[in-house]
Visitor: 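The structure's right below; bear with me while I get my questions together.
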Amino acid sequence: MPMEKTFNAAEAEARLYDAWEKAGCFTAGANASRPETFCIMIPPPNVTGSLHMGHAFNNTLQDILVRWHRMRGFDTLWQPGQDHAGIATQMVVERELAKQGISRRDFKRREDFVAKVWEWKQQSGGTIINQLKRLGASCDWSRNAFTMSGAPGAPAGEEGNFHDAVIKVFVDLYTKGFIYRGKRLVNWDPHFETAISDLEVEQVEVDGAMWRLRYPLEDGATWDRPTEWDEDGNVTATEPCPYLVVATTRPETMLGDTGVAVHPEDPRYRHLIGKTVRLPLCGRSIPIVADEYADPAKGTGAVKITPAHDFNDWEVGQRAGLRAINVMTTRAAMWLRDNRDFAEGCDPDLVAKAIERLDGADRYAAREAIINEATDDGWLDGIDPDRHMVPHGDRSKVAIEPYLTDQWFVDTAKIVEPALAAVREGRTKILPEQHEKVYFHWLENIEPWCISRQLWWGHQIPVWYGPRKTVLEDGRTRLSFSISNPKTFCAASKDEAISQMVEYYQIAGPEELEEFSAPAGARDFAEASFGTTFLVGEIERRSDGGTKEFRIPYYRDPDVLDTWFSSGLWPIGTLGWPEDTPELQRYFPTDVLITGFDIIFFWVARMMMMQLAVVNDIPFHTVYVHALVRDEKGKKMSKSLGNVLDPLELIDEFGADAVRFTLTAMAAMGRDLKLSTARIAGYRNFGTKLWNAARFAEMNGVFENHKSGTPPAPAETVNRWIIGETARVRQTVDDALANYRFNDAANALYAFVWGKVCDWYVEFSKPLLLDGTQAQQAETRATMAWVLDQCLILLHPIMPFVTEELWTITGAREKMLVHADWPTYGAELIDAEADREMNWVIDLIEEIRSARAQMGVPAGAQTPMLATQIDPAARTAWDRNEALIRKLARVEKLSEVNDLPKGCVTIAIEGAHLALPLAGIIDVAAEKTRLEKSLAKLDKELAGLMGRLKNPKFIDSAPEDVVEETRDLAEAKQDEAAKLRAALGRLAELG
RNA sequence: GGGUGAUUAGCUCAGUGGUAGAGCGCUUCGUUCACAUCGAAGAUGUCGGGAGUUCGAAUCUCUCAUCACCCA
């Protein structure tokens, strides 16, 4: 049955992938035949994710390396998995619940909400896995990992031990003193009500305003405010001014102002340093401090300082010893009622008024209300329109607040050094190298890493809090309960934490403890039990050691860990650590990480730090950083621009192989790639081309009784030639892949399969297969079968589907192509003689075709050819390949003559004077033009070559082989030019 | 403001000191039995500007211009 004309990707892909999976082709170690291992960890996509172009690119490159190593017999593991994406997943699930009118806060227990998230995960969390399969990703799915597996509440099927790894690492790092809790400003997302990392913040330019506010100076102080300027901007008149003007883009934070900063050298204000201003709205008296942060050239040169609501102000506040007053709730509404910090030092009447007007108002409403009040009361100095950057949460898209809270931090400064050293010393290489700079720059300036998140979905921090103890002089023990400064028990399990508590409090056992699910409950309990007010309760132990009449309250930290804390353990966690599994021993450290540059900080640097801190080894020896996929105009693909190309739609339309090949061919290191569908269609056509070469072979019986195996040793030059070309491309492909030059591999294969095999070899084979002797037919069939096999093998890592399908169709095979042996042949298969000869033949055919086309010879016409001179090498080449030349160049026969007749077209070729007698057809003018053009080009080249050869410095300093090469080239060009000149002479006689 | 990269054919881009390339597009021709998702032929370049190093520069150095991205 003849093959179809094209490969039906839509039909075949699922079938082939299924066959691979069923046969266990992708499991760790499948097809291993040598001791070396090769392991890649997939960068875990979000469990909420669906495949976008970046994934398609990233995973295509991984799959190429993995398939290549597997075929070479490495013990290969491509470890797949997803991360639990704290905020994103919680957002998705909350959105689902909102459709049913349910809010997260309606859940009485967080466990119930988390159960909902697991439910969602079971239903929808596998989306991206199936999408990766459509791309052809050959991951070992039986090992699919998840960063929340094994967490409390995880349902059946999620019983991995990733949770154990995360918790163990937290406890280890805590014990080693690398993790601490502290009150610091963090990026707070008021929508999700959680801290987020710097890296989850994007700067968005927005149109806003600079409001200038007047803060009255106290104690009669004044400064000279300019009132007139000359045309150069110099001040020519001033007047005493009783207030300072501060400019701000965020007037609503003024209730938390605790100072005004001016530059220490600013002559306008120097005399005011140490004096105070009275804060409008609440009457707080705040100092004027000197700090270089205040830029005299910007605004008025006086800056209001709100340490609790601005990162720069926090720094100033630390330097100047200013209070930090939080005036907002976790939802970024004004928090004034019951806010003791706020009320302290303010005018009680004004505070009451402020509470009445502003308490509970959203930050933007408060801003408006404050501006209105300032306008009415005359302390608004003016408004300047201002376009500035505002930080936004990358998930929530709302403006983030710098917010003062208790959070957990990794003291990264203490674990960063080994990660820097590993790259500096080359134990881990980052490609392309320029990214090492980014890595170094970030790690050398690393900030503490805030790892706590106020979410429910994630690994809950394994820390329990209880009262602190003080031993009194009389031997009794006092326990002081404070939410802001509790005693911390960090342990891998609650039981261990309780043991720690029993020991610490020296109590009989857990029955003397009482657990609360939230700090407020513990506080209330402490207050109720000990009759103390507010946060501190005192529990005095009886002298006999008993505490029978009360129990000691404790609670677990409600926060969860940043998702990146768990994905930072991906390399060891997926291999079963903390258990010492065979996989861990076998595959760790892993080999290559392939990832986008946008998560060098997020992930790569953190994996380096964490693996080194935890198991004292690098996680991988190479990091290949790839570029961004953009649309064809070079714009970043984004949903809002509507320029997103969906890889799945592209796979539907062109097939996975075409999409993969396109991405591979465009994967030049360090450059963004601009994707257009025209390009993908082009590579789809390439697949069709390969398909039809196989189809031709099949129709000519090439695959009858074919067995894949060793290269044949044919006699025909053309067969020896193509075998050599195959050997060459194999070397090129291996070199390219070994150096992560994916595009070189793809382009070499494209040029070989289309340009060599299809354009020339298949054409050359036709005379042999159709009219050759039996021996010629047999060896040509064998050669073609072998060559096509090699094409399939070498292309398989890039185009797995069409190659596997052809492999199945074209012969009885011992193994599927996915496990076929990758070849190792090389130079020994290259026959220099055959090479020279076939290149001569190809040159000749191209020369003849070109001359015919330009002379307007009808395409089908056969012409005779004349030779006045032909050297032995050319003669042999002609004789041995006459059938091919005659067929492909439409030449009737070659006759040797003494003189060319008039009206000949010259064919310039090495070692012979050839011409096509085209009297009657020839257009003298056209031929003259053609020859002159060639000659002009030749002369130009020759001039360059001769110029170099005549320069004694070139002869002296250039390497010998370059000089030699230049000489040979010049000689050949001179010969050719002479022939063309002779031809032009003959033409002149004619016309 | 700091950093990184880019500028090569109409378009998208390869090309790390020795004869300027590919794909797409364009023009002309072609239904001979692998393929019209094809074949044959053809046109198109001061390698962003300037200076330097070198026998020799798209390639190395400096400088200017423009663009992009990252970090403030």
Side-chain angles (χ1 to χ4, degrees), chain A residues 2-7 198-199 203 311-312 389 432 434-435 437-438 441-442 445 597-598 600-601 627-628 630 632-636 654-655 658 662 665-700 702 741 743-744 746-748 750-751 754-755 758-759 762-763 765-766 770 845-846 848-860 887-890 930 933 937-938 940-942 944-945 947-959 961-963 965-966 969-970 972-973:
Chain A
M3 286 164 63
E4 295 295 322
K5 275 192 165 187
T6 58
F7 171 58
D198 290 352
L199 303 168
Q203 301 292 333
F311 287 101
N312 290 315
M389 301 300 260
Q434 71 226 32
H435 286 287
K437 287 187 192 167
V438 181
H441 182 259
W442 194 70
N445 298 287
F597 70 89
D598 49 338
I600 289 180
F601 322 115
L628 219 60
R630 295 167 181 280
E632 55 193 313
K633 291 182 191 114
K635 286 229 165 60
K636 201 169 165 171
F654 300 105
T662 307
M666 295 175 81
M669 248 193 254
R671 287 282 291 247
D672 286 347
L673 44 124
K674 299 178 189 170
L675 200 59
S676 75
T677 51
R679 194 83 188 250
I680 305 172
Y683 290 118
R684 187 261 328 264
N685 297 353
F686 174 63
T688 306
K689 192 75 184 172
L690 174 70
W691 180 268
N692 276 292
R695 184 166 180 262
F696 168 82
E698 200 256 359
M699 292 167 93
N700 285 279
V702 164
R741 303 182 62 92
N743 56 321
D744 286 353
N747 291 329
Y750 186 97
W754 199 317
C758 294
D759 284 350
V762 169
E763 294 306 324
S765 76
K766 285 177 182 173
L770 301 174
I845 293 169
E846 284 181 334
I848 298 171
R849 281 172 171 174
S850 176
R852 286 169 56 109
Q854 287 179 68
M855 290 306 107
V857 177
K887 181 163 164 42
L888 296 179
R890 307 271 160 88
R930 187 179 77 97
K933 200 173 160 192
K937 194 178 160 206
L938 218 47
K940 196 179 149 200
E941 285 170 5
L942 215 42
L945 293 170
R948 283 204 272 162
L949 287 170
K950 277 183 192 145
N951 185 341
K953 284 185 179 170
F954 172 69
I955 307 291
D956 290 347
S957 16
D961 55 328
V962 171
V963 177
E965 201 180 310
T966 310
L969 199 61
K973 298 273 176 197

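By convention in this document, chain letters (A, B, ...) are assigned in the order of the sequence lines, proteins followed by strands, and residues within each chain are numbered from 1. Just so you know, these numbers use all the heavy atoms, side chains as well, and skip hydrogens, waters and symmetry mates.
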Visitor: Only pairs with both distances under 3.5 Å count, Watson-Crick or wobble alike; so what is the partner of B/A6 in this structure?
Guide: B/U66
Visitor: For every nucleotide of nucleotides 19-35 of chain B, 5' to 3': is a protein heavy atom under 4.0 Å from its base (B), only from its sugar-phosphate (S), or from neither (-)?
Guide: B---S--------B-BB
Visitor: Looking only at atom C1', what distance separates B/U8 and B/A40, rounded to whole Å?
Guide: 28 Å
Visitor: Between B/A14, B/G42, B/G5, which nucleotide has the shortest distance from any of its atoms to the side chain of A/D744?
Guide: B/A14
Visitor: Check the distance between B/G39's P and A/R849's CZ and give it to me in whole angstrom.
Guide: 11 Å
Visitor: To the nearest Å, how far apart are A/L949 CG and B/G18 C1'?
Guide: 12 Å
Visitor: For the pair made of CE in A/M666 and C1' in B/C11, what is the distance, rounded to whole Å?
Guide: 12 Å
Visitor: Can you name the nearest heavy-atom pair linking A/R684 to A/F654, along with the distance?
Guide: CG-O, 3.4 Å
Visitor: Categorize A/S957 for me: base, sugar-phosphate, or nothing, with a 4.0 angstrom heavy-atom threshold over every strand shown.
Guide: base
Visitor: Angle between ring planes, A/F7 versus A/W691, binned at 30° and 60°: parallel, tilted or perpendicular?
Guide: tilted
Visitor: So which one's nearest nucleotide on RNA chain B is more toward 5', A/Q854 or A/K953?
Guide: A/Q854
Visitor: When you compare B/G18 with B/U61, how far apart are their P atoms, in angstrom units rounded to a whole number?
Guide: 16 Å
Visitor: Paired with B/C60: which nucleotide, if any, by Watson-Crick or G-U wobble criteria at under 3.5 Å for both distances?
Guide: B/G52
Visitor: Check the distance between B/G5's P and A/H441's NE2 and give it to me in whole angstrom.
Guide: 14 Å
Visitor: Could you check which nucleotide pairs with B/C71 in any of the strands shown, counting Watson-Crick or G-U wobble with both distances under 3.5 Å?
Guide: B/G1
Visitor: Checking base pairs now: Watson-Crick or wobble, both atom distances under 3.5 Å. What partners B/C38?
Guide: B/G30
Visitor: Counting only Watson-Crick or G-U wobble pairs whose two distances fall under 3.5 Å, which nucleotide matches B/A22?
Guide: B/U12
Visitor: A/P959 near the nucleic acid: base, sugar-phosphate alone, or nothing, with a heavy-atom cut-off under 4.0 Å?
Guide: base
Visitor: Among all residues two or more places apart in sequence or in another chain, which pass the side-chain hydrogen bond (donor to acceptor under 3.5 Å, both in side chains) test with A/K973?
Guide: A/E941
Visitor: Could you check which of B/G42, B/G18, B/U12 has an atom nearest any side-chain atom of A/V962?
Guide: B/G18
